[in-house]
Amino acid sequence: MIHYQLRCSQDHGFDGWFKDSTTFEQQAKLGLIECPECGGIEVERALMAPAVARRVSLPVPVEAPQPPAAAPSATADAPAGVPAEVKLAGGRMPAQVVAVLQRIRAEVEKTCDYVGPDFADEARKIHHGESEPRSIYGEATPEEAESLADEGIDVGRIPWVPRADG
C-alpha cells in the first residue's frame with residue numbers, strides 16, 4: 001500500500017491509501033477519489049515531505065498482510081497508559097486510534113520476524129521462494145514499497161506509534 005497526500009481543485013488537503021501508483025491514477029481519472037471537505041473529484045497528489053532520520057528513530061514497519069483481526073468498538077475507551085493524542089503531520093491522532101495502532105504493533109512484534117532495513121530484499125526472497133515463507137516487518141523507503149507492489153508483492157504500511165508499555 002502507498003500513502004499519498006492529496007489535494008483537490010479547491011486546495012483542500014487530505015490523504016489516501018492506494019495499492020500502487022497505477023491504482024491511484026486510475027481512480028483519479030475515473031473520478032472515484034473525492035475530497036472529504038468539498039466533495040470535489042478533481043484530485044491530484046500533493047507535494048510530500050521526505051522522511052528525515054532523527055538520532056533516535058522508531059522504525060516505520062512494512063509487513064506482509066495478515067488476516068484482519070476483530071476491530072475494536074469505535075466507542076471503546078482507550079486503555080490506561082495510552083497517550084491522549086499522538087502528534088501527526090495533519091493534526092493529532094485520537095486516543096482510540098493510537099490504542100488500536102499500539103495493539104497492531106504488539107501483534108506484529110509478537111508474530112512476525114523483524115528484518116530491519118533489509119525488508120525489500122527479504123520480501124523478494126520470500127516471494128521468489130529463495131527464503132522461508134513467513135511474516136516479516138522492517139523498514140522500506142516509499143520507492144522500495146512501490147517497487148515491491150509493482151512486482152506483485154503485497155505489503156502494507158503501518159503507522160508505528162510508541163509502545164503501550166512505555
Side-chain angles (χ1 to χ4, degrees), residues 1-6 14-28 32-33 45 48-74 76-83 85-90 92-166:
M1 298 288 283
I2 298 175
H3 176 243
Y4 286 132
Q5 293 296 322
L6 305 173
F14 58 102
D15 62 344
W17 292 83
F18 302 91
K19 178 181 177 193
D20 52 35
S21 60
T22 304
T23 302
F24 165 77
E25 296 297 336
Q26 290 170 342
Q27 289 181 11
L32 299 175
I33 305 169
R45 287 185 276 193
M48 293 177 64
V52 178
R54 302 178 305 200
R55 265 182 183 253
V56 177
S57 62
L58 296 173
V60 177
V62 181
E63 65 141 347
Q66 297 295 313
S73 164
D77 291 332
V82 174
E85 298 176 324
V86 170
K87 198 170 191 174
L88 296 175
R92 297 207 177 261
M93 188 181 301
Q96 290 86 353
V97 174
V98 173
V100 169
L101 290 171
Q102 287 172 330
R103 288 193 295 271
I104 290 170
R105 176 180 178 158
E107 188 65 23
V108 167
E109 289 177 332
K110 182 173 81 175
T111 61
C112 303
D113 291 337
Y114 178 67
V115 295
D118 298 328
F119 178 84
D121 293 334
E122 189 62 24
R124 282 188 183 92
K125 287 178 186 176
I126 292 170
H127 182 75
H128 295 296
E130 299 167 6
S131 189
E132 172 190 344
R134 66 198 193 283
S135 297
I136 61 171
Y137 74 106
E139 295 86 37
T141 66
E143 294 80 16
E144 288 172 326
E146 186 167 356
S147 175
L148 289 169
D150 289 344
E151 293 176 42
I153 302 171
D154 291 329
V155 298
R157 289 188 163 272
I158 302 171
W160 212 238
V161 296
R163 285 188 181 98
D165 60 4

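Being a predicted model, the structure only gives us computed values, none of them experimental. Heavy atoms only: backbone and side chains are in, while hydrogens, waters and symmetry mates are out.
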## Note on the structure
With sequence neighbours left out, the residues meeting side chain to side chain contact (heavy atoms under 4.5 Å, CB included) with A149 are D20
### Message
Applying side chain to side chain contact (heavy atoms under 4.5 Å, CB included) to Q102 and V98, what does each step give before you reach the verdict?
### Response
CA-CA 6 Å; Q102 287 172 330; V98 173; 3.8 Å; yes
### Task
For E130, check side chain to side chain contact (heavy atoms under 4.5 Å, CB included) against everything at least two apart and list the hits.
K125, H128
### Task
Quick one: closest heavy-atom pair of T111 and S135, and the distance?
O-CB, 4.4 Å
### Message
Is there a side-chain contact between Q5 and F14 in this structure, where contact means two heavy atoms from C-beta onward sitting under 4.5 Å apart?
### Response
no
#### Entry: Contacts of type side chain to side chain contact (heavy atoms under 4.5 Å, CB included), residue E109, not counting sequence neighbours
R105, Y137, W160, R163
#### Entry: Contacts of type salt bridge (Lys or Arg N to Asp or Glu O under 4.0 Å), residue D113, not counting sequence neighbours
R134
### Summary
Interatomic distance, OG@S131 vs CZ@R124, rounded to 0.5 Å, equals 13.5 Å
## Note on the structure
Test side-chain contact (heavy atoms from CB on, under 4.5 Å), reference I126, set I136, D121, V115, output is I136
### Query
Salt bridge or not for K19 and E146, using N-O below 4.0 Å?
no
### Summary
Q27 meets the side chain to side chain contact (heavy atoms under 4.5 Å, CB included) criterion, sequence neighbours left out, with F18, T23, L32, I33
#### Entry: Heavy-atom closest pair, residues A145 and V155
O-CG2, 4.4 Å
#### Entry: Polar side chain donor-acceptor pair, E151 to S147, under 3.5 angstrom
yes
### Message
Determine whether E25 and R45 satisfy the following criterion, side chain to side chain contact (heavy atoms under 4.5 Å, CB included), listing intermediate values before the conclusion.
### Response
CA-CA 10 Å; E25 296 297 336; R45 287 185 276 193; 2.8 Å; yes
### Message
If you apply the rule side chain to side chain contact (heavy atoms under 4.5 Å, CB included), what do you find for F119 with L148, and how did you get there?
### Response
CA-CA 10 Å; F119 178 84; L148 289 169; 3.9 Å; yes
### Message
Test of understanding: with side chain to side chain donor-acceptor pair (under 3.5 Å), list the residues that count as partners of D15, not counting sequence neighbours.
### Response
H3
